Amino acid sequence: MAALNMEPDWPNPGESRAEARIRLLYRTVRLVLGDQEILAVIRNVSRTGVGIRTFGPIELPMEMEIELANGTLLPIRKEWQNDMGCGASFRSPIDVELFLTQETPGTVRRSLRVNLDHHAILKDASGRRPVQIRNIGIGGALLEMENGIEPSGAFQLFFDALRSRRCSVRWSAGQHFGVQFDTPFPFAELAEWLTKLARENMAGPPAADSVD
C-alpha cells in the first residue's frame, strides 16, 4: 500500500493562506475518532493541514485519522473547530500532489465504509429478526445475524433513525453477510446519522437518576 511522501521542511511562516491552501470541491472521507468513526468531507488541503466539514454537532478529539483513497490512514491533529467542521494539521508536511492524486474522482478506491456496532431489524418472508450492523456505506453494509442468511436472500432493513432499505445479499459466510442497498443513501443523510451515533457513544450512557 503506497504511503504519502513526507517533505522535510515546513512552509515559510510568511506564506499566505491563499498560497498555502488548494481548495477542493468535495472529497468524501472516513474520519476515525478513536473507537468511533464518521463520514466527512475534505474542503481544502495544504502541505501542513486540511479543512474538514462534518455533518451535525460533535466534539471532535484532538487526535484523529483520515482515510485516503488507497486506504491509508493519515494522522491529523485538530487546531480549531466550529459548527461546520474543523481545521487540522498533519504531523509532518505532506506531498499535496500525491494527496490530490489519491483523492481525485476516478482513482481506484475501496468503497467508503464506516465501522460500527449498531442494531437494526431485518424483515423478510419468515418474519422480523434482529441484526447487527458491522459496517455501512452509502451503497451497502456488512451485517451479522445468528444462524446467518441464505446467499441469494433479499429483505427489507429497518434502522432506528434512517429510512428503510431493500437489500440484496451479495455474499454470506457463517453469521456474516454483505448486502447491497437497492437505493443508495444520500451521503449527507448517512453522514448525519453516523455523526449522531458517534456523538451519543462518545457521551456514554445517560446518568442514572439519584435516589434520595
Side-chain angles (χ1 to χ4, degrees), residues 24-43 52-58 65-71 73 84-85 102-203 205:
L24 305 179
L25 295 178
Y26 198 87
R27 297 291 185 270
T28 59
V29 293
R30 180 170 67 101
L31 193 60
V32 181
L33 320 174
D35 59 355
Q36 302 296 317
E37 300 181 6
I38 62 174
L39 292 174
V41 170
I42 292 178
R43 298 311 305 264
I52 299 172
R53 181 194 171 190
T54 51
F55 292 79
I58 186 169
E65 294 177 301
I66 53 175
E67 182 185 25
L68 303 183
N70 66 354
L73 286 173
M84 297 296 294
Q102 292 175 334
E103 289 300 322
T104 298
T107 57
V108 177
R109 69 174 298 165
R110 300 180 302 115
S111 175
L112 195 61
R113 292 290 183 94
V114 168
N115 298 307
L116 74 161
D117 182 8
H118 194 68
H119 59 273
I121 297 295
L122 179 156
K123 181 180 179 182
D124 59 11
S126 63
R128 300 168 65 92
R129 290 171 284 174
V131 297
Q132 289 297 117
I133 306 171
R134 295 308 182 192
N135 70 41
I136 192 169
I138 61 172
L142 171 63
L143 305 179
E144 180 180 348
M145 183 173 66
E146 186 177 0
N147 300 324
I149 196 170
E150 292 296 323
S152 59
F155 56 86
Q156 198 80 12
L157 188 64
F158 292 88
F159 305 86
D160 51 11
L162 286 173
R163 290 173 293 177
S164 67
R165 282 295 186 272
R166 183 70 177 170
C167 302
S168 301
V169 178
R170 308 301 294 177
W171 60 268
S172 176
Q175 295 183 337
H176 296 89
F177 50 103
V179 302
Q180 178 178 336
F181 302 140
D182 287 3
T183 305
F185 280 108
F187 180 86
E189 180 181 346
L190 183 61
E192 288 172 2
W193 181 68
L194 290 168
T195 300
K196 175 178 178 292
L197 292 183
R199 182 176 68 246
E200 293 172 350
N201 290 336
M202 292 165 70

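Note that the structure is a prediction, hence the values are computed from the model and not measured. Position 1 is the first residue of the sequence, and the numbers go up from there.
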Enquirer: Taking the six-membered ring of Phe159, is the NZ or CZ of Arg163 close enough (under 6.0 Å from the centre) and on axis enough (within 45°)?
Expert: no
Enquirer: With a 4.5 Å cut-off on side-chain heavy atoms, are Leu122 and Phe158 touching?
Expert: no
Enquirer: Indicate yes or no: at least one non-hydrogen side-chain atom of Val41 is less than 4.5 angstrom from one of Thr54.
Expert: no
Enquirer: Checking the side chain of Arg199 only, and the main-chain atoms of Pro57 only, is there a donor and an acceptor separated by less than 3.5 Å?
Expert: yes
Enquirer: Strictly by modelled atom types, are Gln156 and Ser164 linked by a side-chain donor-acceptor pair under 3.5 Å?
Expert: yes
Enquirer: Please indicate whether Arg170 has more than 12 foreign heavy atoms, meaning atoms of other residues, nucleotides or ligands, lying under 6.0 Å from its CZ.
Expert: no
Enquirer: Does a side chain donor of either Asp117 or Gln132 reach within less than 3.5 Å of an acceptor in the other side chain?
Expert: yes
Enquirer: Between Leu143 and His176, does the side chain to side chain contact (heavy atoms under 4.5 Å, CB included) criterion hold? Intermediate values first, please.
Expert: CA-CA 6 Å; Leu143 305 179; His176 296 89; over 6 Å; no
Enquirer: List the atom of Leu39, the atom of Leu112, and the distance in Å for their closest heavy-atom pair.
Expert: CD2-CD2, 3.7 Å
Enquirer: Of all the heavy-atom pairs spanning Ala40 and Arg53, show the shortest one and how long it is.
Expert: CB-O, 3.3 Å
Enquirer: Considering all heavy atoms of both residues, which atom of Phe187 and which atom of Ile138 are nearest to each other, and what is their separation?
Expert: CA-CG2, 4.0 Å
Enquirer: I'd like to check Leu116 versus Ile133 (side-chain heavy atoms, cut-off strictly below 4.5 Å). Are they in contact?
Expert: yes
Enquirer: Taking C-beta and beyond as the side chain, do Ile66 and Leu73 meet within less than 4.5 Å on heavy atoms?
Expert: no
Enquirer: Indicate yes or no: at least one non-hydrogen side-chain atom of Trp171 is less than 4.5 angstrom from one of Val179.
Expert: no
Enquirer: Flag the pair Gln175 / Asn147 as yes when at least one side-chain heavy-atom distance between them is below 4.5 Å, and no otherwise.
Expert: no
Enquirer: Would you please test His118 and Asp160 for side chain to side chain contact (heavy atoms under 4.5 Å, CB included) and show each step?
Expert: CA-CA 10 Å; His118 194 68; Asp160 51 11; 2.7 Å; yes
Enquirer: As a quick check of understanding, evaluate salt bridge (charged side-chain N to carboxylate O under 4.0 Å, His left out) for Glu200 and Lys196, giving each step before the final call.
Expert: CA-CA 6 Å; Glu200 293 172 350; Lys196 175 178 178 292; 2.8 Å; yes
Enquirer: Compute both the distance and the angle, then confirm whether Arg165 meets the cation-pi test with Phe155: under 6.0 Å from the six-membered ring centre, within 45 degrees of the axis.
Expert: no
Enquirer: Any side-chain heavy atom of Arg30 sitting closer than 4.5 Å to one from Ile38?
Expert: no
Enquirer: Asn115 and side chain to side chain contact (heavy atoms under 4.5 Å, CB included): which single residue from Glu37, Gln36, Arg134 fits?
Expert: Glu37
Enquirer: Please check this pair: side chain of Thr195 against backbone of Phe55, looking for a donor-acceptor N/O pair closer than 3.5 Å.
Expert: yes
Enquirer: Has the side chain of Ser172 got a donor or acceptor atom that lies under 3.5 Å from a matching backbone atom of Ile149?
Expert: yes
Enquirer: After noting the C-alpha distance and the side-chain angles of Val169 and Glu150, does the key distance pass the side chain to side chain contact (heavy atoms under 4.5 Å, CB included) rule?
Expert: CA-CA 8 Å; Val169 178; Glu150 292 296 323; over 6 Å; no
Enquirer: Are the side chain of Asp182 and the backbone N or O of Cys167 linked by a donor-acceptor pair below 3.5 Å?
Expert: no
Enquirer: Given Ile136 and Leu190, is the side chain to side chain contact (heavy atoms under 4.5 Å, CB included) satisfied, shown in steps?
Expert: CA-CA 9 Å; Ile136 192 169; Leu190 183 61; 4.1 Å; yes
Enquirer: Hey, what do you get for CG (Leu197) to CD (Glu192), rounding to the nearest 0.5 Å?
Expert: 12.0 Å
Enquirer: Locate the shortest heavy-atom distance separating Ile121 from Pro130; write the atom from each residue and the value.
Expert: CD1-CA, 4.1 Å
Enquirer: For Phe181, what residues pass the ring-ring contact (aromatic ring centres under 6.0 Å, His included) criterion, not counting sequence neighbours?
Expert: Phe185
